[in-house]
Protein chains: 2
Amino acid sequence: MNHPVFSEFDLTSLLSLSFSALIDELHDRLSELGFGDIRPAHGFMFKHIIPNGATGIELAEHLGITKQAVSKMVDFLEKSGYVIRQTHPNDKRGKIIVLTERGWLVMKAKEEIIAEIEQRWIDNIGAERMQMLKEDLTKLVYEVNEGNLSSRSKPVW
Amino acid sequence: MNHPVFSEFDLTSLLSLSFSALIDELHDRLSELGFGDIRPAHGFMFKHIIPNGATGIELAEHLGITKQAVSKMVDFLEKSGYVIRQTHPNDKRGKIIVLTERGWLVMKAKEEIIAEIEQRWIDNIGAERMQMLKEDLTKLVYEVNEGNLSSRSKPVW
DNA sequence: ACCATATAGTCAACTTGATTGACCACATTA
DNA sequence: TAATGTGGTCAATCAAGTTGACTATATGGT
């Protein structure tokens, strides 16, 4: 199939479409591996639980949602066996959320799948261009946020 | 401020962050212009209403949601004065959803804001790199979807 | 040491944007 | 023209978030 190279999409659509294409494939593959109950936001949470656990409030800030919403997500993930709540060593009010073995398995699977997709893209556009792509996107992320990154991001994985 | 150029983020995060940075700024600016009731999904709907209107089912397919959900969105947008439902000329069951004057104003504002942001990025990374970025993202969108584009995309604007 | 205030987490009620199912009016085709 | 298909809406429900109220524990000023 011969596709047009010059964009019929504007930048917004391109970013949106490439992102959701990536995420959709990732979650399809995770489903096949038996992780069908994992949603994109869970992955982003896991990322901040690594490597030594995190409190609910820390996760809430990272995810940009309320601590109550985090509490519910953790309820679900704990029931499904991906994380557990441990009592905080220094603060009896607090709890630390850590990954279980199953949680680590998802993270590992995710890494492998993303690496594989990324490799396909490298085969397609070349390693140099992929490097440029990443550099440029990194710059853009910093530029648009004008320095105060992660303040309002609603990220995934 | 001197930022690292080589990515501390993986591709998923980069795409997610750059996309949401873009969308956040866009909607902040639209809010300032008095379009605070417009959500990202509305913009994507508008895009497919242009230029000659669309039926609810067409929009549902484009947005990847049910026709009932579209119907609700249209209810809202009609009440807010962005679109109207016209009776379909050939099919008395159907309706065509078209933009009102106010609807066109939002689209125009959106174009200008995106163009301005894009220009900032061009100033930052250069026009050539921007062109490459778009080309590469376009390829990636096609590659990941393996030809059947827009079948499952959950896009915005 | 004590009290006032702040903080981590949970419970409950509500909101929002989607879903599924049922239905009506009109179209299409055999 | 009867049988089936299609566009749209209504209603009930679901999922994932919100706000508000509360408990238990920490912390800091006097």
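Residue numbering restarts at 1 for every chain, and letters A, B, ... go by the order of the sequence lines.
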Requested in this report: Please determine if a side-chain N or O atom of A:T55 lies less than 4.0 Å away from the OP1 or OP2 oxygen of C:dA8.
Outcome: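 It does not, given that no N or O in the side chain of A:T55 lies less than 4.0 Å from OP1 or OP2 of C:dA8.
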Query raised in the report: OP1, OP2 of C:dT19 versus side-chain N and O of B:T66: anything below 4.0 Å?
Result: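 True: B:T66 side-chain N/O within range (under 4.0 Å) of C:dT19 OP1/OP2.
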Measure [atom1]/[X] against [atom2]/[N] and give the value in whole Å, please.
X     : N      : atom1 : atom2 : value
B:I96 : D:dG7  : CD1   : P     : 13 Å
A:F76 : D:dG17 : CZ    : C1'   : 15 Å
A:F44 : D:dG17 : CZ    : P     : 13 Å
B:K95 : D:dC10 : NZ    : C1'   : 12 Å
B:I97 : D:dG8  : CD1   : C1'   : 10 Å
A:Q68 : D:dG20 : CD    : C1'   : 9 Å
B:K67 : C:dG17 : NZ    : C1'   : 18 Å

Query raised in the report: Does anything in residues 80-91 of chain B reach DNA chain D, meaning a heavy atom under 4.0 Å, and if so which residues?
Result: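 Residues of residues 80-91 of chain B that come under 4.0 Å of DNA chain D are, in numerical order, B:R85.
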**Report entry** Test item: side-chain donor near acceptor, B:S13 and B:D10, under 3.5 Å
**Finding:**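 There is such a pair (donor and acceptor under 3.5 Å, judged by atom type) between the side chains of B:S13 and B:D10.
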So which heavy atom on [X] is nearest to which on [Y], and how close?
X     : Y      : value
B:S16 : A:F19  : CB-CE1, 3.4 Å
B:D37 : B:S80  : OD2-CB, 3.6 Å
A:H27 : A:R39  : CE1-C, 3.5 Å
B:S18 : B:W121 : O-CH2, 4.4 Å
A:L22 : B:L11  : CD2-C, 4.4 Å

Report task. Test salt bridge (Lys or Arg N to Asp or Glu O under 4.0 Å) on B:D136 and A:K134 and set out the steps. Result -> CA-CA 11 Å; B:D136 290 343; A:K134 284 186 170 187; over 6 Å; no
Report task. Identify, between A:K92 and A:M73, the residue whose nearest nucleotide on DNA chain D lies closer to the 5' end. Result ->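 Looking at the nearest nucleotide for each, A:M73 comes out on the 5' side.
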Side-chain polar contacts of residues 64-76 of chain B - donor-acceptor pairs under 3.5 angstrom, sequence neighbours left out - could you list them?
residue: B:T66; atom: OG1; partner: B:A69; partner atom: N; Å: 3.2
residue: B:D75; atom: OD1; partner: B:R85; partner atom: NH2; Å: 2.1

Requested in this report: Only pairs at least two apart or in different chains count here, so list each salt bridge (charged side-chain N to carboxylate O under 4.0 Å, His left out) that has a residue in residues 93-104 of chain A.
Outcome: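 Listed by first then second residue: A:D91-A:R93.
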Protein-nucleotides 2-7 of chain C N/O pairs closer than 3.5 Å?
residue: C:dT7; atom: O4'; partner: A:R93; partner atom: NH1; Å: 3.4
residue: C:dT7; atom: O2; partner: A:R93; partner atom: NH1; Å: 2.5

**Report entry** Ring geometry between B:F46 and B:H42 (parallel below 30°, tilted from 30 to 60°, perpendicular above 60°)
**Finding:**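 The arrangement is parallel - the two ring planes meet at less than 30°.
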Requested in this report: Could you list the residues that satisfy salt bridge (Lys or Arg N to Asp or Glu O under 4.0 Å) with A:E116, not counting sequence neighbours?
Outcome: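 Listed in chain order: A:R29.
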Check the interface with nucleotides 14-16 of chain D: list each N/O to N/O pair with the protein under 3.5 Å, or write none.
residue: D:dA16; atom: OP1; partner: A:R39; partner atom: NE; Å: 2.8

